Amino acid sequence: MSLESRAAEFLDGFGLGHSVAIIYSGRFKPFNANVRKVGSRIVFSLSSSWRDVSEEITLGLVQNLLIRLLKLKAGRTLNIDLYNNFARSIQSASPRTSTDAELESCFNRVNGAYFSGLLDMPNFEWHSSIRRLASYNHYTDTVSVSDLFRGMPELLDYLMYHELLHKKLKFSGSSGRALHHGKKFRLLEHSFKDAGVIEKRIDSVLRRRRF
Ligand SMILES: [Zn+2]
């Protein structure tokens, strides 16, 4: 059975009759993936690096994305467990390929102050979009920060802290689903010193930039 029909079969179990298409793309970063709904059709775009991965694991990725996309009330499956283990192993094995002195010292400050120095150093990069302040890609273990914040260590520390919480909490969900900005996340986020003040300063940097 193809991956598409196994995904359709998974949906069948929820009484959903969507057709499923899976497209591999070489333009994605390794192990990136996304899913969208086009009418009654569900289209997955997967980085071509998924081609070399066992279908049992890829099916776990697909199920995971379906659960999130369609907000299915599903427990974990064997495939989702396999996928989570795989994602964890590539995260710890992913080589550090890019770095940046300013983000590296920012990481060292935040890791020391909030994580007892226990987090492994991820990759770092700057991006130029102002719509996305910062992000964490757990497949490539990369923290990316908008270059609007260069030279603003206090704001950078707060953005870095947020992304490192994603790195730390990514696999702590008991349902096997990735935690995003859940209750635990928000509580931890606001334990950052002067979080409220810093959020206001970030807003004013963005406002200045927009006008
Ligand atoms: Zn976030």
Side-chain angles (χ1 to χ4, degrees), residues 28-36 45 47 61 64-71 80 83-84 87-88 90-92 94 96 98-100 102-150 152-207 209-210:
F28 279 9
K29 287 184 178 168
F31 301 111
N32 258 3
N34 66 48
V35 62
R36 59 191 195 281
S45 304
S47 153
L61 164 76
N64 214 19
L65 290 171
L66 286 173
I67 288 171
R68 276 199 271 163
L69 176 74
L70 302 170
K71 300 188 168 54
I80 288 175
Y83 160 71
N84 281 334
R88 212 175 289 148
I90 55 174
Q91 178 178 329
S92 56
S94 65
R96 294 192 50 232
S98 69
T99 192
D100 173 89
E102 186 174 359
L103 292 174
E104 199 170 309
S105 35
C106 169
F107 167 82
N108 286 330
R109 288 191 298 271
V110 174
N111 193 26
Y114 292 94
F115 300 98
S116 316
L118 290 173
L119 290 181
D120 293 330
M121 190 179 289
N123 295 301
F124 301 111
E125 64 184 27
W126 297 99
H127 64 255
S128 53
S129 155
I130 57 167
R131 287 237 220 91
R132 186 167 51 97
L133 303 184
S135 60
Y136 175 65
N137 179 327
H138 73 272
Y139 297 114
T140 60
D141 192 25
T142 303
V143 172
S144 177
V145 183
S146 165
D147 55 16
L148 260 186
F149 298 96
R150 277 185 198 268
M152 302 180 190
E154 286 169 318
L155 306 192
L156 281 178
D157 283 8
Y158 183 67
L159 295 173
M160 178 68 70
Y161 175 66
H162 178 108
E163 301 315 326
L164 293 178
L165 282 179
H166 283 306
K167 176 176 163 80
K168 181 169 188 245
L169 297 177
K170 189 71 195 175
F171 297 109
S172 64
S174 56
S175 66
R177 273 200 259 174
L179 288 172
H180 202 56
H181 294 139
K183 202 171 159 196
K184 183 177 174 193
F185 188 100
R186 289 301 184 197
L187 271 174
L188 284 167
E189 187 180 28
H190 283 96
S191 69
F192 191 91
K193 188 172 175 286
D194 299 329
V197 177
I198 292 173
E199 275 172 12
K200 286 202 186 92
R201 285 178 54 198
I202 289 174
D203 285 346
S204 78
V205 169
L206 292 176
R207 244 177 288 134
R209 174 62 193 253
R210 275 191 199 116

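Both counts, for ligands and for their atoms, begin at 1 and track the order of listing. Computed from a prediction, not measured in an experiment: that's the story for all the values here.
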Exercise. Taking the six-membered ring for Trp, are the ring centroids of F192 and H162 within less than 6.0 Å of each other?
Worked result: no
Exercise. With H127, which of S135, S146, S144 fulfils side chain to side chain donor-acceptor pair (under 3.5 Å)?
Worked result: S144
Exercise. Quick one: CG on N32 to CG on N137, what's the gap to the nearest 0.5 Å?
Worked result: 5.0 Å
Problem set entry | side-chain hydrogen bond (donor to acceptor under 3.5 Å, both in side chains) against D147, all qualifying residues, sequence neighbours excluded | none
Seminar exercise, completed: So the salt bridge (Lys or Arg N to Asp or Glu O under 4.0 Å) pairs with at least one residue in residues 128-138 (sequence neighbours excluded) are none
Seminar exercise, completed: Near the Zn ion (ligand 1) (protein N/O/S, cut-off 2.8 Å, waters excluded) we have H162 NE2, H166 NE2, H181 NE2
Problem set entry | Of all pairs that satisfy side-chain hydrogen bond (donor to acceptor under 3.5 Å, both in side chains), the ones with a partner from residues 108-118, not counting sequence neighbours | R109-D157
